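A quick note: this is a predicted structure, and the numbers were derived from the prediction, not measured. Atoms within a ligand are numbered from 1 in the order they appear, just like the ligands themselves.
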Amino acid sequence: MMKLGSQIFLALAILLLTPLAASAQVLPPFSTWQNQRTSTLNVGFVNGNQFDGWFINRAAGFQCQNIPYPATGTILPNGAITFVVNFTNCQTVTTWKGRVIGSQMPTKWVLIYKGVQRLTGSDLFRKL
Ligand code: BTN
């Protein structure tokens, strides 16, 4: 039989750790996501609400293709996701915001070129 103190400690631990585990469940560590332009996001570690990984751009009409760039982002237990890639060779930073819904991730992105020019669009990622 557990003592009351241990039971309270266990309950608190479960309450605190559940949201962290939930984030990793919606965005599995070491998962690969491909968008309709055939670019890929390779998720690495998911640590709480934060994740890292690599993004390879293969989109027609864009520069900096077929080079892995570091990606960093946040993922919430409700699936809300944001990630950023700095395409250093192209002086471009792109931010994607969207939602993980099962094996799909609809996003909207904002691309900033040379800190001034702004381009927007949508990407639908699917988990491979
Ligand atoms: C550049 O051309 O300046 C750098 C590459 C930008 C690629 C963009 S980011 C948003 C969109 N989705 C992709 O998969 N690639 C393009």
Of the protein's non-hydrogen atoms, which lies at the shortest distance from atom 12 (N) of ligand 1, and what is that distance? D123 OD2, 2.8 Å

If we only consider heavy atoms of W109, is any one of them less than 4.0 Å away from an atom in ligand 1? yes

Min side-chain heavy-atom separation V46-P28 under 4.5 Å: no

Ligand 1 atoms nearer than 4.0 angstrom to some heavy atom of N57 are 5 (C), 7 (C), 13 (C), 14 (O), 15 (N), 16 (C)

Check for a donor-acceptor pair, side chain of T107 on one end and backbone N or O of D123 on the other, with a separation under 3.5 Å. yes

Please list the nearest protein heavy atom to atom 6 (C) of ligand 1 with its residue and the distance rounded to 0.1 Å. F62 CD2, 3.7 Å

Atoms of ligand 1, numbered as shown, that sit under 4.0 Å from any heavy atom of F55: 14 (O)

For residues F55 and P68, determine if any side-chain heavy atom of one lies less than 4.5 Å from a side-chain heavy atom of the other. no

Taking only heavy atoms of W96, which atoms of ligand 1 are found under 4.0 Å from at least one of them? 9 (S), 10 (C)

Is the backbone of N78 close enough, under 3.5 Å, to the side chain of R99 for a donor and an acceptor to pair up by distance? yes

Going by the atom numbers of ligand 1, which of them fall below 4.0 Å from some non-hydrogen atom of T92? 1 (C), 3 (O)

Ranked by distance from atom 2 (O) of ligand 1, the top protein heavy atom is Q63 N, 2.8 Å

To the nearest 0.5 Å, how far apart are OG1 in T94 and OH in Y69? 11.0 Å

Non-hydrogen side-chain atoms of F62 and F87 separated by less than 4.5 Å: no

For the backbone of R58 and the side chain of S39, can you confirm whether one donor and one acceptor N or O come within less than 3.5 Å of each other? yes

Nearest non-hydrogen protein atom, atom 14 (O) of ligand 1: S39 OG, 2.6 Å

